Amino acid sequence: MPDQKWLAAMEAQIPHGGVRTRFAPSPTGYMHVGNLRTALYTWLIARHNGGKFILRIEDTDQGRLVEGAVDVIYRTLAECGLTHDEGPDVGGPVGPYIQTERRGFYKEYAELLIERGHAYRCFCEKTESEEDSGDFDRGPDPCRALTREEADRRAAAGESYVIRQKMPETGSTTFHDAVYGDITVENKELEDQILLKSDGLPTYNFANVIDDHLMGITHVVRGAEYLSSAPKYDLLYRAFGWPVPTYVHCSSVMVTDSETGAARKMSKRHGDPSYEDLIADGYLTPAVVNYVALLGWSPGGEREIYSLPELAEIFDIHGVSKSPAVFDINKLTYFNAAYLRAMAPEDFAETARPWIRQAVKNPAIDLSQIAALLQQRTEKLTEIPEKVDFFDALPDYSPELFVHKKSKTDLPGSLDTLRTLLPALEAAESWDDETLLALLTELAEAQGVKNAKIMWPLRIAITGRAVTPGGAVEIARILGKDECLRRIKYALEKFQV
């Protein structure tokens with residue numbers, strides 16, 4: 001029999017009077033883009049309405065737990081700015097916030113459902129996978145026909161059992177979703193799902209309903225793949241006599257398969273990136289968050305770039321789309337480039353420093369000066385090392401680089417330019433942009449040619465690259481006088497004609 005005083009005490013502590021949302025991940029691995037979007041929308045609903053955002057760890061599927069996954073959840077939320085008001089690490093009025101620590105709660109509510117005729121003990125043999133999923137193909141279950149007394153007797157005798165939800169066999173169930181509207185399901189299509197497994201742990205579907213109610217959750221955000229489970233939740237809420245929270249089901253995040261060209265749901269097993277993968281691949285967290293916010297939600301208008309506080313101010317459930325969202329890595333790269341270029345120069349220099357240092361080991365080179373060249377020319381941080389490695393060591397390069405149609409240069413002419421330029425640079429008393437530009441411009445004027453015919457040979461000689469972040473003047477200044485002269489002499493010796 002359920003403990004009525006305990007049940008009443010649990011009801012008495014439920015918070016009321018404001019919006020309360022929850023992100024309830026299972027610690028079964030990485031934080032994929034769909035998870036991050038769910039967390040983000042859940043957080044935005046809470047913040048937009050001045051409510052509370054709760055973190056709950058759903059670890060009842062013990063077989064799939066991954067060591068360190070909880071730390072990934074904490075770290076991802078913190079990096080993305082999705083601060084939670086209640087959770088395992090910060091506490092709160094309706095804890096514990098880890099499902100296995102709430103283990104004793106669920107049996108009381110399962111027993112309450114049995115007492116009300118909405119659940120029953122099932123003694124049939126069942127597979128472990130069935131218990132984990134809670135699925136059950138409704139056939140003639142003999143346990144449905146057991147009297148309460150007989151079921152109690154068999155349980156008292158030590159027979160193993162699960163507790164199943166007793167679905168109505170006729171009629172239909174209609175639930176409302178904020179995105180998809182009213183959805184009706186014939187009750188005969190609903191299976192007698194497992195609520196409590198034989199080990200005493202609840203299934204995902206049952207624990208969600210109990211915990212959401214006891215934590216006062218007003219809005220539940222989840223993927224559209226859970227739409228088929230919503231009638232079961234609805235029937236549970238009705239069986240308990242509890243108010244139903246606002247459902248917000250979000251459409252799937254799709255990608256275009258690189259091999260088949262067909263659209264498919266994002267999946268780690270197909271090599272699609274997780275949040276951590278994207279960060280490791282050189283994307284900024286604010287750019288990822290901004291882009292993910294627009295995967296299936298539209299603020300209206302042409303604007304696309306929003307800070308997290310701005311998103312919280314304008315977020316509206318009615319902007320969530322029923323249509324599948326398409327994850328486009330090129331569009332994310334566009335967002336990332338916009339964020340990189342909008343950073344304060346000192347912030348970009350600090351962010352880019354470790355990536356520059358991967359390629360530029362020379363401590364004499366000022367990395368902030370290299371960063372200044374990169375900021376408007378970088379789309380992803382991972383591009384940086386290969387863009388700047390020539391600062392550390394001149395790469396082996398072909399004499400063909402001195403041939404440039406637009407600059408009207410060839411190898412003999414370029415070497416003549418370098419021979420003329422070398423003594424002028426050796427005589428330079430200052431080594432700054434103004435001095436170097438003036439020197440090169442004067443040489444071009446003296447030879448009656450455009451600046452490019454002087455700049456191109458110099459840039460090739462000191463970088464060994466046809467494409468560089470910044471021009472000859474800026475690169476020469478950063479390399480320093482001695483290194484530039486050394487590289488010019490090397491070119492003259494290597495390619496003498």
Side-chain angles (χ1 to χ4, degrees), residues 1-4 6-7 10-11 24 26 56 58-64 96 98-139 141-148 150-152 154-156 159-169 173 175 185 187-215 217 220 222 226 228-242 244-245 247:
M1 294 286 291
D3 185 333
Q4 296 297 333
W6 181 86
L7 292 172
M10 295 298 288
E11 288 292 316
S26 297
R56 185 173 75 223
E58 301 198 337
D59 61 343
T60 56
D61 191 351
Q62 295 283 295
R64 296 180 60 229
I98 297 177
Q99 279 189 337
T100 51
E101 296 178 10
R102 302 170 65 84
R103 181 176 187 144
F105 296 7
Y106 307 111
K107 191 172 191 304
E108 292 291 337
Y109 287 97
E111 292 288 346
L112 180 59
L113 285 179
I114 291 175
E115 185 177 82
R116 294 182 177 181
H118 296 291
Y120 62 96
R121 292 183 178 86
C122 177
F123 300 88
C124 303
E125 291 187 5
K126 59 209 78 71
T127 65
E128 183 177 340
S129 61
E130 184 196 347
E131 285 200 24
D132 287 339
S133 67
D135 290 338
F136 178 65
D137 181 15
R138 178 192 288 175
D141 184 352
C143 298
R144 256 181 166 247
L146 289 178
T147 64
R148 174 74 181 276
E150 176 62 14
D152 288 346
R154 293 177 63 173
E159 288 191 46
S160 178
Y161 66 90
V162 299
I163 296 178
R164 294 187 184 275
Q165 184 177 2
K166 191 174 186 179
M167 297 295 185
E169 297 179 295
T173 296
F175 71 94
V185 178
N187 290 331
K188 64 182 180 181
E189 302 297 329
L190 302 177
E191 73 278 0
D192 284 4
Q193 65 175 346
I194 295 174
L195 303 179
L196 207 67
K197 296 182 282 188
S198 56
D199 61 3
L201 285 173
T203 56
Y204 170 85
N205 290 335
F206 188 51
N208 263 265
V209 169
I210 303 303
D211 290 341
D212 286 346
H213 174 70
L214 294 180
M215 292 183 178
I217 301 304
V220 174
R222 57 181 170 232
Y226 293 105
S228 61
S229 299
K232 306 171 190 176
Y233 302 142
D234 235 55
L235 287 168
L236 283 172
Y237 279 106
R238 295 181 195 180
F240 284 120
W242 294 341
V244 180
Y247 293 117

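If you read the sequence from its start, that first residue is 1, and numbering goes on from there. Treat the numbers as computed from the prediction; the structure is a model and nothing was measured.
By the 4.5 Å heavy-atom criterion applied to side chains, Q4 and L112 are counted as neighbours. You'll find the side chain of Y226 stays beyond 4.5 Å of the side chain of N208, heavy atoms only. Q165 has its side chain out of reach of L113: every pair of non-hydrogen atoms, C-beta onward, lies at least 4.5 Å apart. Residues K232 and M167 have side chains in contact (heavy-atom distance under 4.5 Å, counting atoms from C-beta outward). Side-chain contact between Y247 and Y233 is present, with at least one heavy-atom pair separated by less than 4.5 Å. For the pair Y109 and V209, the minimum side-chain heavy-atom distance is 4.5 Å or more. With contacts defined as side-chain heavy-atom distances shorter than 4.5 Å, the pair I210/W242 qualifies. You'll find the side chain of R121 stays beyond 4.5 Å of the side chain of L146, heavy atoms only.
Within 6.0 Å of CZ in R238 there are more than 12 heavy atoms belonging to other residues, nucleotides or ligands.
Judged purely by atom type and a 3.5 angstrom limit, D212 has no side-chain atom pairing as donor or acceptor with the backbone of I217. When atom types are taken as modelled, the side chain of S26 and the backbone of E58 share a donor-acceptor pair closer than 3.5 angstrom. At distances below 3.5 Å, at least one donor-acceptor pair connects side-chain atoms of R102 with backbone N or O atoms of P96. The closest donor-acceptor contact from the side chain of T203 to the backbone of I194 lies under 3.5 Å. In this structure, R164 contributes its side chain and D192 its backbone to a donor-acceptor pair below 3.5 Å.
The line from CD of E111 to CG of L7 is 10.5 Å long, rounded to the nearest 0.5 Å. K166 contributes atom NZ, which lies 14.0 Å from atom CG of L235 (distance to the nearest 0.5 angstrom). In this structure, the separation between CG on D59 and OG1 on T100 is 3.5 Å, given to the nearest 0.5 Å.
Across every non-hydrogen atom of G241 and R116, the tightest pair is N-NH1, 4.4 Å. What you find for A110 and F206 is that their closest heavy atoms are N-CZ, 3.7 Å. Nearest heavy-atom pair, K197 versus P202, reported as atom, atom and distance to 0.1 Å: CE-O, 3.7 Å. Residue Q99 comes nearest to D211 through the heavy atom pair NE2-OD2, 3.0 Å, listed as atom of the first residue, atom of the second, then distance. In terms of heavy-atom proximity, I163 sits nearest to A119 at CG2-CB, 4.0 Å. Contact detail for E150 and T147: the closest heavy-atom pair is N-OG1, 3.0 Å.
Note: F123 and Y161 have tilted aromatic rings, judged against thresholds of 30 and 60 degrees for the angle between ring planes.
In this structure, Y106 has no ring-ring contact (aromatic ring centres under 6.0 Å, His included) partners at least two apart in sequence or on a different chain. F105 pairs by the ring-ring contact (aromatic ring centres under 6.0 Å, His included) definition with W6, not counting sequence neighbours. In terms of the side-chain hydrogen bond (donor to acceptor under 3.5 Å, both in side chains) criterion, residue partners of T173 (sequence neighbours excluded) are, by chain and number, N187.
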Exercise for review: Report the C-alpha distance between L236 and H213 in whole Å, list the side-chain angles of each, state the deciding distance to 0.1 Å, and finish with yes or no for side-chain contact (heavy atoms from CB on, under 4.5 Å).
Suggested key: CA-CA 11 Å; L236 283 172; H213 174 70; over 6 Å; no

Exercise for review: Before giving the answer on side-chain contact (heavy atoms from CB on, under 4.5 Å), spell out for D199 and R103 the whole-Å C-alpha distance, their side-chain angles and the decisive distance to 0.1 Å.
Suggested key: CA-CA 10 Å; D199 61 3; R103 181 176 187 144; 4.2 Å; yes

